[in-house]
Amino acid sequence: MKSIVILISGRGSNMVSLINAAADGSLPVRVAAVLSNRPDAKGLQIAAAAGIATQVVDHTLFNDRESFDAAMTAAIDSFSPDLVVLAGFMRILSDGFVMHYVGRLINIHPSLLPSFPGLHTHQRALDEGVRIHGCTVHFVTPALDHGPIVVQAAVPVIDGDDAATLAARVLTQEHRIYPLAVRWFAEGRLRLNGGRVELDAPQDHASSLISPQAAG
Ligand code: GAR
């Protein structure tokens, strides 16, 4: 069975969706560890309570990004994961870190990339007046919130939405597509080849653009 390491910075709800899917057998991976750059990340306690190894690499203790990334790399590699899963890990990564894990580093972002990389994606979507918003799982490349797209889920923007209601609608879909993408990887159906995503004919989903109605 393939193993994953999950990196978080905060509450860890995407982490929980992966841990739960691994526990109920719908996601055939072993969660080897949950790592965080923040000692106060709420998700660390949840992971520890689930019996998963946790480790903190506190970015405030390092002088520069490269030395933090080197320490984080050493921590990750001590668990020899097949896949590194960024789940609300709010640090910009050095090119060296990203290249070390090329093809085995994925991220989830709360927008339909390439629209709205960075922060405050839901408010920015509302400010632009988009009618369709969503989330994206992608392989990580050196550019922030950028890289070959694995799967997206779209949600409508509804009259009267504010950033909180829209975020909640998107988060529900994040919790669907992240376990799905990790499952594809774990089953050997998903890979990065020459900078492009290859996904072997999924039997359970006809496409990797998912709307709430279509997602099963
Ligand atoms: C999620 O919405 C995730 O998509 C986002 O942070 C949140 C973490 O929530 N990630 C990014 O914005 C990355 N650029 P969680 O800790 O409850 O999973």
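All ligand and atom numbering here is 1-based and tracks the order in the structure. Since this is a predicted model, take the numbers as computed values, not measurements. Just the heavy atoms: all of them, side chains too, but no hydrogens, waters or symmetry mates, feed the values below.
- Listed by chain and residue number, the protein contacts of ligand 1 are Arg11, Gly12, Ser13, Asn14, Gly88, Met90, Ile108, His109, Pro110, Asp145, Glu174 (heavy atom within 4.0 angstrom).
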Inset, instruction - Take Asp64 and Ser67 through the test side chain to side chain donor-acceptor pair (under 3.5 Å) and record every step on the way to the result. - result: CA-CA 6 Å; Asp64 52 45; Ser67 53; 2.7 Å; yes
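- Among residues at least two apart or in separate chains, ring pair (Phe, Tyr, Trp, His ring centres under 6.0 Å) pairs with a member in residues 50-90 are Phe62-Phe68.
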Inset, instruction - Given side chain to side chain contact (heavy atoms under 4.5 Å, CB included), test Arg169 with Asp161 step by step and report yes or no. - result: CA-CA 10 Å; Arg169 192 173 308 119; Asp161 265 340; 2.7 Å; yes
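- The aromatic ring centroids of His109 and His138 lie 6.0 Å or more from each other.
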Inset, instruction - May I have the step-by-step check of side chain to side chain contact (heavy atoms under 4.5 Å, CB included) for Val34 and Ile46, ending in yes or no? - result: CA-CA 10 Å; Val34 172; Ile46 302 170; over 6 Å; no
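- Leu61 CG: more than 12 foreign heavy atoms inside a 6.0 Å radius.
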